[in-house]
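Heavy-atom basis, side chains included; hydrogens, waters and symmetry copies ignored. Start at 1 and go down the list; that is how both ligands and their atoms are numbered.
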Amino acid sequence: MAEPFEDMFKESKVFANREVLSPHYVPHNLIFRDKQIQEIAKYLTPSLRGERGRNVFVYGKTGTGKTSCIKNVIERVKNLPVSKAHISYINCRIYNSRYRVLQKIVSDYLPLYAKRGYGIVDIYERIISWIEEDGKVLVVALDEIDVVKDLDDLIYTLTRANSDIKSGGITILGISNKVSFKEELDPRSLSTLYENEMLFPPYNSNELAQIIKERVEVGFKKGMVDQAAINLSAAIAAKESGDARLALKIISRAGEIVEENGLDIVGPDQVNEAAKYAEEDIAYELINTLPEHQKLIVYAIALLSLQGSRYKRLNEDGEMYLFSGDIYDKYVSVANSLQKEAKSSRWYRKYIADLDMQGIIVSYESGKGIRGHTKLIKLSYQPGKIKDTIERTLNKEA
Ligand SMILES: Nc1ncnc2c1ncn2[C@@H]1O[C@H](COP(=O)(O)OP(=O)(O)O)[C@@H](O)[C@H]1O
Ligand SMILES: [Mg+2]
């Protein structure tokens, strides 16, 4: 038997620094985003001077550099000689409720009160009196703000705080990947959040090629990556959605393929192969982080897709689709078996539209068929794999 850890300390022939290729790496240098960084800085300037600034809402598709730019600006602020301004970066995928967000603020600045067991009112009052002590301005950067469950309450609380606070204040910096998020908000939250708004446009193919090139220079060994491979990764990601994360994922996957197969250089063939996997990886990540009931719906679709043909219908192109009604029934039974209350069919239709928009499913309205007017739905990815991924996360949460 080969030594299981044999490869662990072997030097890579392909990579010089894997870390800079990881999705968690925040680059210091964000090309093509000077304008956006300047603009965020401009909006934050009043807060840094100790006046409550206007709230800002930053949005744009995934992988357009929003998180990186915000973190970049926060780093710069840390180096400024300002005493009264504080910025809390909050990833709402983790802190996904009003309570958790307030708790995170407390744990950033008042660790003594971060222990469990304090009620929301206590935490709120703590934060207010900490701000009032010397007229601080707190900027709360809420990344992926759209996943906060009780967002209207959170916004209301943070806004109300400003009328309770005698000196100082709170500014909200909301960030979202959901371009259509505006339409979902309560009008009051909307007018609060959108005092200023800023769009991050998708990168085009040339921009992506340069982003990849810079990263390849640090992440790969010299001469390991063909320019044609860089251009192709950029073109694929640009066509997909202008997502820099996808572009970087493709090139690093391609590097792994080269390493695993002992090839000499990363070329277009490896990029093509990697692109197939990279898109799937991202899809699975996306599915794992879906809100609970959407995840259960996707799970129900995966289960039905794997079941016998009773539920499936062939369309004119010979592809298998499911009836929306069958999926809803399955979803209800899945939810019940997990002791969760299923959402109404009205919510269900809204979730289906969301999943469609995110490319996780494909759906279309049937003409007048056997069951009258209905929606036909198909998963965009392999049902078996999706079922496994979701089961893993459901077990973890249970
Ligand atoms: N302008 C840029 N220059 C270099 N790398 C970038 C740039 N924009 C995005 N990236 C890379 O793409 C990845 C995704 O960016 P991110 O800021 O997370 O996007 P978003 O928050 O909009 O989804 C980051 O990890 C970063 O490595
Ligand atoms: Mg982000």
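- Using cut-offs of 30° and 60° for the angle between ring planes, the Y25 and H28 rings count as perpendicular.
- Contact annotation: the side chain of I74 never approaches that of K71 to less than 4.5 Å [non-hydrogen atoms, C-beta and beyond].
- Aromatic ring pairs are classed by plane angle as parallel below 30°, tilted from 30° to 60° and perpendicular above 60°; the pair F57 and F181 is parallel.
- Salt-bridge check for E75 with K78: passed, with a basic side-chain N closer than 4.0 Å to an acidic carboxylate O.
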Residue pair R392, D388: steps toward the salt bridge (Lys or Arg N to Asp or Glu O under 4.0 Å) verdict: CA-CA 6 Å; R392 242 173 281 137; D388 294 345; 5.3 Å; no

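- For the Mg ion (ligand 2), protein N, O or S atoms closer than 2.8 Å were enumerated as T67 OG1, with waters left out.
- Listed by chain and number, P23, Y25, P27, N29, L30, I31, R33, K61, T62, G63, T64, G65, K66, T67, S68, N177, Y203, I211, R215, A244, R245, L248 each place a non-hydrogen atom less than 4.0 angstrom from ligand 1.
- Using a 30° and 60° split on the angle between ring planes, H293 and Y331 fall in the perpendicular class, above 60°.
- Here the side chains of K149 and Y99 are not in contact, with every heavy-atom distance at 4.5 Å or above.
- No donor-acceptor pair closer than 3.5 Å links the side chain of E273 to the backbone N or O of A254.
- Here K35 does not pair with E39 in a salt bridge; the nearest charged N to carboxylate O distance is not below 4.0 Å.
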